[in-house]
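Heads up: the structure comes next, in structure tokens.
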Amino acid sequence: MKDKDLRKRVPYHIQRDVLDEQLSCSSLCFIIFSFSLFIRCTGPRFKSCFLSFVPLLAWLPRYPFRENAIGDLISGISVGIMHLPQGMAYALLAAVPPVFGLYSSFYPILIYFIFGTSKHISVGTYAVMSVMIGSVTERLAPDSDFVIPGNDTNSTTLDIVSRDAERVKIAATVTFLSGIFQVLLLGLVRFGFVVTYLSEPLVRAYTTAAAIHVIVSQLKYSFGINPQRYSGPLSLIYTVIEVCALLGQTNIGTLVVSIVTIIGLVAAKELSALAARKIPIPIPVELITIIIATVVSWQMDLKTEYGVEVVGEIPSGLQAPVAPAVSLLGSMVGDAFALAVVGYGIAISLGRIFALKYAYKVDSNQELIALGLSNSIGGLFNCFAISCSMSRTMVQVSTGGKSQVAGAISAVVILVILLKIGELFEELPKAVLAAIIYVNLQGMMKQFGDICSLWRTNKVDMVVWVMTLILTVLFNPDMGLAASIAFSILTVVFRTQLNNPQMHIKLWHMHHFFIEIHGIMIFRSSATLYFANAEMYIDALYEKTGVDVAKLLSHKKKLEAKRLRKEKKAAKKAKKEAKKRAKEAVKSAVSAFNQGEESQFSDTDESGEESEANGDVHKLSVKEPKDVAAVEAGPDPDTDTPLPRAIILDLSPVNFLDTVGVKTLRNIYKDYGEAGVQVYLCGCQRGVVESMEKGDFFNEKVTKSILFSSVHDAVLYLRCRIPQACDFKYENLLTVCESEQPAL
């Protein structure tokens with residue numbers, strides 16, 4: 001039967017009880033009883049809470065050593081090698097000596113190894129976080145505060161040792177405070193929803209603007225000049241003007257080192273990308289660069305002969321913990337809160353991407369606690385704030401990293417460098433580190449292409465992107481973040497209040513309810529779907545449907561891996577038996593020939609034994625043993641909830657969709673489709689459908705045939721496709737639970 005025939009209007013009758021909004025005494029008692037159960041502490045519950053707080057104790061005893069050990073070892077060494085140049089380079093962004101970048105690549109990683117839940121992200125130094133730290137350190141400890149009068153009347157000298165010590169103390173203190181905010185305010189109090197206001201266009205535009213701040217801050221190392229430091233609004237503009245005014249004082253040796261390093265890095269990375277298909281382990285281009293640059297600087301004495309600024313003293317060993325400067329806490333509250341929000345937002349967004357890809361779940365609040373402890377404890381050891389790096393994460397995944405063990409191994413690599421090797425890089429020019437930063441930021445600069453794609457898909461999100469870029473460039477990263485979030489929320493208010501009212505006739509309506517009809521699940525949320533509540537929408541859908549998509553996909557992948565292992569084992573066994581039969585056939589043929597029994601040998605099957613007698617073992621047909629059972633992917637046997645055949649999403653309350661909302665619907669359709677559950681949409685307003693069209697939701701596989709005018713139309717359509725739903729009668733509707741979601 002065709003879809004057009006199924007969608008013909010048919011008479012129907014609905015009979016149900018009258019629903020009201022009265023809050024009965026029984027409902028109030030139920031709420032009190034639920035709260036008492038929530039605060040009750042039992043032995044199993046205490047154990048569960050403790051294991052969730054320290055995930056290492058839960059997953060390490062069940063660590064699959066044979067499957068993951070080699071991949072984690074190779075991945076950890078590869079990422080540890082990347083930590084060396086990036087840690088030293090990003091320390092320049094934080095305006096602290098390079099060795100403290102190595103400290104920040106050691107202590108926080110060990111803490112995250114214990115408390116983190118993401119298996120694939122690589123935490124450590126990050127360019128955006130480093131430049132935010134640098135704005136704080138240079139504001140509270142400017143060069144002018146450390147100028148010492150010289151012996152002559154008009155001469156002055158800069159006390160670099162005292163300045164660096166003060167900046168290290170400031171960086172460690174603001175890092176400690178940001179960690180406290182992440183643990184206490186955002187983590188334990190479950191205040192992590194504040195990060196939901198960081199939409200994807202906002203985050204991408206913010207990181208692009210922060211990359212511009214990073215590039216401008218490193219120009220002094222590339223040209224060998226010393227511009228005046230500006231703070232406050234328009235400080236970036238003033239710095240660019242100052243740099244342009246000082247171009248006449250450029251150190252030629254420093255400029256040549258910068259240009260040669262940038263050209264060499266870009267060329268080496270392109271060659272490494274071409275060789276990546278043949279070489280399983282990525283070439284450590286940055287490590288090779290700093291080794292060559294250090295040797296050249298040492299041999300040619302660039303510091304003395306050409307005035308090229310070098311890294312300087314790198315003390316070996318680890319430092320004892322130091323208490324934060326309490327007197328400075330009041331002057332950096334806003335900066336610490338911005339660091340806490342940005343660092344968590346970047347880490348959790350990347351962690352969710354890989355968790356969805358590899359079918360496991362990342363606990364958002366536990367990630368807050370893990371990052372907070374990493375920053376707060378790291379601040380005691382003079383580290384600066386850390387987050388997740390995309391480049392290191394991609395290397396960790398591509399080299400076979402499968403768990404947090406890879407991060408621990410990378411920390412061990414940094415420990416060896418700190419104890420034995422670090423002092424060898426004292427002659428490394430700072431211009432080389434600046435060049436490494438430039439090349440690593442090319443991915444962020446490519447995000448300018450978002451403007452064209454957003455112009456085509458969603459112009460409001462494009463305005464948010466452009467305004468976030470402008471506000472962050474004109475203001476400091478902390479003030480720019482606050483202004484960008486305020487503007488983003490303002491666009492939601494305007495889209496909600498100024499949305500054109502449209503006549504939408506609903507044939508069937510049940511407010512705030514989740515319905516289950518013999519293999520068909522109907523989900524409706526009372527809030528619209530946009531960036532601020534997209535995550536909560538997915539969580540509510542998973543909770544109400546009782547379908548753990550991540551668990552289903554993980555189980556499916558395990559069954560597939562098990563099937564492949566059995567097939568490989570069976571093929572190996574059959575090949576071994578074929579070789580054995582071939583040897584026996586050759587022996588029997590030789591024996592028959594020697595005895596003159598040629599007639600018996602000629603009667604042998606030509607297609608089988610003749611090829612075996614000639615020693616052609618590879619032409620033998622490999623047959624699987626009959627006792628090998630086929631493994632079929634199915635529902636997880638540990639799951640009590642039966643898998644639905646279809647899910648209907650009632651989108652009648654949704655009056656607009658942004659790019660995040662479209663991506664959320666796309667992910668829901670894709671994930672449930674991989675689990676064998678079809679998803680249908682109903683009640684979509686005209687503007688919602690247009691947003692889905694511009695956002696490339698529909699394609700050759702996902703057509704508009706999944707759209708219906710009402711829930712009733714979708715149910716009638718599915719009744720003809722799902723036999724279990726044919727016996728459904730509307731008077732037998734089963735209300736499972738109420739799905740209320742607050743509008744943000």
Side-chain angles (χ1 to χ4, degrees), residues 7 9-10 12 14 16 18-21 458 492 495-517 520-545 644 646-669 672 678-695 697-698 702-719 725 728 730 733-744:
R7 296 191 180 190
R9 183 174 297 178
V10 295
Y12 62 92
I14 300 177
R16 59 171 175 79
V18 177
L19 302 177
D20 54 31
E21 299 292 338
N458 195 307
V492 175
R495 278 196 285 187
T496 304
Q497 295 184 353
L498 301 181
N499 189 51
N500 294 328
Q502 301 175 6
M503 182 65 68
H504 184 70
I505 302 175
K506 290 176 285 191
L507 303 178
W508 184 88
H509 178 69
M510 182 170 286
H511 189 58
H512 290 327
F513 278 93
F514 171 82
I515 309 299
E516 181 177 6
I517 310 171
I520 304 174
M521 290 186 173
I522 305 171
F523 179 81
R524 182 183 191 274
S525 176
S526 59
T528 190
L529 180 59
Y530 65 112
F531 69 90
N533 63 355
E535 179 187 351
M536 288 183 284
Y537 186 91
I538 295 178
D539 292 341
L541 176 62
Y542 289 173
E543 178 185 356
K544 302 305 179 183
T545 57
I647 293 178
I648 301 175
L649 300 182
D650 185 2
L651 300 182
S652 56
V654 179
N655 51 11
F656 71 91
L657 276 180
D658 58 2
T659 54
V660 178
V662 175
K663 184 176 291 186
T664 300
L665 292 178
R666 186 187 300 118
N667 291 337
I668 290 174
Y669 186 88
Y672 276 104
Q678 294 296 320
V679 177
Y680 298 90
L681 312 178
C682 65
C684 299
Q685 301 182 22
R686 184 178 61 190
V688 172
V689 178
E690 291 176 354
S691 299
M692 295 169 68
E693 291 174 344
K694 295 178 180 178
F697 179 85
F698 302 106
V702 184
T703 63
K704 289 187 178 181
S705 60
I706 65 171
L707 300 181
F708 294 89
S709 299
S710 66
V711 174
H712 180 72
D713 293 324
V715 172
L716 291 180
Y717 172 75
L718 291 174
R719 284 180 64 187
F728 162 72
Y730 278 98
L733 278 177
L734 174 62
T735 302
V736 179
C737 51
E738 186 172 359
S739 172
E740 294 185 358
Q741 182 170 335
L744 296 178

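Residue numbers run from 1 in the order of the sequence given.
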Between [X] and [Y], is any pair of side-chain heavy atoms under 4.5 Å apart?
| X | Y | value |
| --- | --- | --- |
| Phe523 | Ile668 | no |
| Asn655 | Gln685 | yes |
| Leu529 | Leu657 | yes |

Just how far is it from atom [atom1] of [X] to atom [atom2] of [Y], taken to the nearest 0.5 Å?
| X | Y | atom1 | atom2 | result |
| --- | --- | --- | --- | --- |
| Ile520 | Tyr717 | CD1 | OH | 11.5 Å |
| Ser691 | Leu665 | OG | CG | 10.5 Å |
| Arg524 | Leu649 | CZ | CG | 12.5 Å |
| Leu681 | Ile648 | CG | CD1 | 10.0 Å |
| Phe697 | Tyr669 | CZ | OH | 7.5 Å |
| Gln678 | Leu718 | CD | CG | 9.0 Å |

[X] and [Y]: which non-hydrogen atoms are nearest, and at how many Å?
| X | Y | answer |
| --- | --- | --- |
| Tyr680 | Ala646 | CE1-CB, 4.1 Å |
| Asp658 | Gly661 | OD1-N, 2.8 Å |
| Ile706 | Phe708 | O-CD1, 3.6 Å |
| Val689 | Cys684 | CG2-CB, 3.7 Å |

Identify, with sequence neighbours excluded, every residue that meets side-chain hydrogen bond (donor to acceptor under 3.5 Å, both in side chains) alongside [X].
| X | answer |
| --- | --- |
| Tyr672 | Thr545 |
| Thr659 | Asp461 |
| Glu693 | Lys704 |

Listed partners of Lys694 passing salt bridge (Lys or Arg N to Asp or Glu O under 4.0 Å), at least two apart: none
Does a donor on one side chain and an acceptor on the other come within less than 3.5 Å for Asp713 and Ser710? yes
